[in-house]
Amino acid sequence: MRFVTDVLRHLGVDEADEVQRLEARLTRIEALYSQIAPKKKKAAAPIRALPAIVVEELYEIFDPLSQRNPFKTVQIRSRNYLLFILYLHLGLRRGEALLLSASAIRSDYDLITGREYRWINVTTLEGEDPRYLQPALKTEQSQRQLPVTPELVALFDNYVGNYRIHSKYGHLFISQKKTPLALQTVNDIFNVATTSLSPAAKAALEVRGWAKIPARGKGSQDEREGKRWISPHDLRHTAAVLRLKRFVDSGDEMEKAIGKLDTRNNLSL
DNA sequence: AGCTGAAGAAAGGTTTTGCG
DNA sequence: CGCAAAACCTTTCTTCAGCT
C-alpha cells in the first residue's frame, strides 16, 4: 500500500486529489480483502478417520454371513451389523444410536417428483428407560433427520422384521435380556471387532500411534500409550468423509439430501 | 476460551448361551 | 447336562468434543 502510493507520486501523478482518490479506493479494497483472508491453519490435528484397510475389514467382520464374524447368533450379528453401519454411514454418536426407535425410519412422497424418499429420525425416545447410564442427545439441536439410502433401509427392515428381539421397550437396539442395549455394551462389541482385525490392519493402526492391539480373547499386556480399540467416535470421523462422497455420487437425490441435512449440525472433522 | 455433557477407560460383576 | 465363553451390565473416574 505504502509502496503503491509512493510509485504513483514518483510517476508524477501529482495532482493531489487524483492520488488521494486512488489511495482511498485502494484502502477500501484492502479493507475488503482483509475480511476474506484465509483463516490461519490450525496446528495439524491428528487424523481420526480410520485407514481404508481397517474400514474394509470391519465390513467383513460385521457382515452377518462372514466367516470372520466373531459374534455367535444371527440375531446379534444382524443387530451389530446395523449398529456398525449406522455409525459408519450416518456418523451417529454412540448414545444417539441407542436412543433410536424401532420405527425410526420414515418415508414420505415427494409431491413434485412423485417419488418416495426415506429418512431416519434422530431424536429422544420417550418412555421408560431402565439403563444405568441414560443416553441423551447432546443438545436440543442434535435432533435431526438424516437421509438414508435404499441399502440402509433394507438392512434396517431386515433386522427389525426378522431378528430384533421382541421387547416391551421401543428401542431399535435391544440386548438378549430384552432391554435397551447399554452404552458399555457398544464398546464391548467394538472391542471384539477390533481384536478380530488382521495383523496387517492392526499394524496400520499402530503406525498411526495406536497401542498394540491384542489378539482375540487376550487382554492387552502392552503398556504402550495410545488407543487400543476402535470406538463409535472413530467411525463418526470416518463417516464425515464417506458422507460427502455419497452425496456427490447420488446425483439427482442431492437436493433432497441437502434439504434433510441440518446445516447447523454438519460434522466437523 | 471456558464449560458441560458425552465419550472413554478400567475394573469387576452377573446372566445367558453355544457346544462338547 | 454342565461348563466355559460370550454377552451384558454397573460403578467410578478421566478425557474430550464441540457448544456458546
Side-chain angles (χ1 to χ4, degrees), chain A residues 39-40 42-50 61-62 64 67-84 86-88 90-100 122-125 128-144 163-167 169 171-196 205 209-240 262-269:
Chain A
K39 267 186 240 163
K40 251 203 207 128
K42 280 187 203 159
I47 300 168
R48 188 81 188 255
L50 299 169
I61 288 165
F62 276 104
Q67 298 290 319
R68 294 182 62 184
N69 195 314
F71 305 106
K72 291 296 164 197
T73 69
V74 66
Q75 288 89 350
I76 287 174
R77 285 181 176 204
S78 39
R79 184 198 66 195
N80 292 353
Y81 188 51
L82 178 62
L83 190 61
F84 163 69
L86 284 178
Y87 285 133
L88 182 61
L90 301 182
L92 299 183
R93 287 198 181 86
R94 182 180 63 163
E96 285 171 345
L98 298 189
L99 279 172
L100 291 174
V122 179
T123 184
T124 305
L125 186 55
E128 192 207 345
D129 192 330
R131 286 173 284 201
Y132 175 76
L133 289 171
Q134 299 273 306
L137 295 184
K138 194 157 185 179
T139 68
E140 197 63 24
Q141 280 70 42
S142 300
Q143 294 215 43
R144 62 199 189 280
Y163 300 114
R164 179 176 169 276
I165 291 163
H166 290 287
S167 163
Y169 302 99
H171 300 80
L172 179 60
F173 294 106
I174 297 291
S175 76
Q176 288 180 336
K177 296 185 174 180
K178 303 184 200 293
T179 58
L181 206 63
L183 287 160
Q184 179 57 40
T185 304
V186 175
N187 294 358
D188 293 341
I189 289 166
F190 280 95
N191 291 353
V192 170
T194 306
T195 55
S196 299
L205 289 173
W210 290 46
K212 196 164 173 62
I213 295 164
R216 272 224 80 204
K218 303 243 178 75
S220 165
Q221 315 94 328
D222 190 85
E223 296 303 318
R224 201 138 45 106
E225 292 291 308
K227 277 178 66 71
R228 284 182 161 70
W229 293 294
I230 291 165
S231 71
H233 225 79
D234 297 325
L235 296 177
R236 179 172 163 85
H237 285 264
T238 309
D262 184 341
T263 49
R264 288 167 304 170
N265 278 303
N266 276 342
L267 297 172
S268 54
L269 277 167

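Chain letters run A, B, ... following the sequence lines, proteins first and then strands; every chain starts at 1. Hydrogens, waters and symmetry mates are skipped; everything else that's a heavy atom, side chains included, is used.
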Pick the closest DNA chain B nucleotide for G95(A) and for D188(A) by heavy atoms, then say which residue is nearer the 5' end. G95(A)

Over all strands shown, is L137(A) touching base, sugar-phosphate only, or nothing at heavy-atom distances under 4.0 angstrom? sugar-phosphate

Report yes if some heavy atom in the side chain of L86(A) is under 4.5 Å from a heavy atom in the side chain of L172(A); otherwise report no. yes

Strictly below 4.0 Å: does H233(A) bring a side-chain N or O up to OP1 or OP2 of dG18(C)? yes

With nearest nucleotide decided by heavy atoms, which residue, R93(A) or L183(A), maps closer to the 5′ end of DNA chain C? L183(A)

Could you check whether S231(A) and D234(A), counting side-chain N and O atoms only, form a donor-acceptor pair closer than 3.5 Å? yes

Phosphate-side-chain proximity, R236(A) and dG18(C), N/O vs OP1/OP2 below 4.0 Å: yes

dT11(C) P sits how many Å from Q184(A) CD, rounded? 13 Å

Give a yes/no answer on whether the side chain of T185(A) brings an N or O atom under 4.0 Å of OP1 or OP2 in dC9(C). yes

Is the closest side-chain heavy-atom distance between T185(A) and F173(A) below 4.5 Å? no

What is the separation between atom CG on D234(A) and atom C1' on dA7(B), rounded to the nearest whole Å? 11 Å

Heavy atoms only, 4.0 Å cut-off, all strands: where does R94(A) land among base, sugar-phosphate and nothing? base

Should S175(A) be listed as having a side-chain N or O under 4.0 Å from OP1 or OP2 of dA7(C)? no

When you check the phosphate oxygens OP1 and OP2 of dA7(C), does a side-chain N or O of R77(A) lie under 4.0 Å from one of them? no

Between dC9(C) and T179(A), is there an OP1 or OP2 to side-chain N/O distance shorter than 4.0 Å? yes

Please tell me if T73(A) has a side-chain N or O lying less than 4.0 Å from either OP1 or OP2 of dG18(B). no

Please check this pair: side chain of R77(A) against backbone of F71(A), looking for a donor-acceptor N/O pair closer than 3.5 Å. yes

Correct closest heavy-atom pair for P64(A) and N69(A) would be CA-ND2, 3.6 Å

Check whether any side-chain heavy atom of I165(A) lies under 4.5 Å from a side-chain heavy atom of Q176(A), and answer yes or no. yes

Students often get this wrong, so: under 4.0 angstrom with heavy atoms, is Q176(A) touching a base, only sugar-phosphate, or nothing? sugar-phosphate

How sharply is the helix from dA1(B)-dT20(C) to dG20(B)-dC1(C) bent, taking the axes over five pairs at either end and rounding to 10 degrees? 40°

Geometric class of the F84(A)/F62(A) ring pair [parallel <30°, tilted 30-60°, perpendicular >60°]: parallel

CD1 of I189(A) versus P of dG8(B): gap in Å, rounded? 14 Å

Nearest-nucleotide wise, let me know which of N191(A) and P135(A) is further upstream toward the 5' end of DNA chain B. P135(A)

Rounded distance (Å) that lies between atom P of dA7(B) and atom CG of L98(A): 9 Å

Nearest-Å distance for atom pair NZ/C1', residues K227(A) and dG8(B): 7 Å

Output the rounded distance in Å from CH2 (W210(A)) to C1' (dG8(B)). 12 Å

Residue whose closest nucleotide on DNA chain C lies nearer the 5' end, K177(A) versus Y132(A): K177(A)

Applying a 4.0 Å non-hydrogen cut-off, can you work out what L133(A) is touching in the nucleic acid: base, sugar-phosphate, or nothing? base

Distance, nearest 0.5 Å, that separates CZ of R131(A) from CG of L183(A): 6.5 Å

I165(A) CD1 to dT15(B) P: how many Å, rounded? 18 Å

K72(A) has an atom NZ; how far is it from atom P of dA4(C), in whole Å? 16 Å

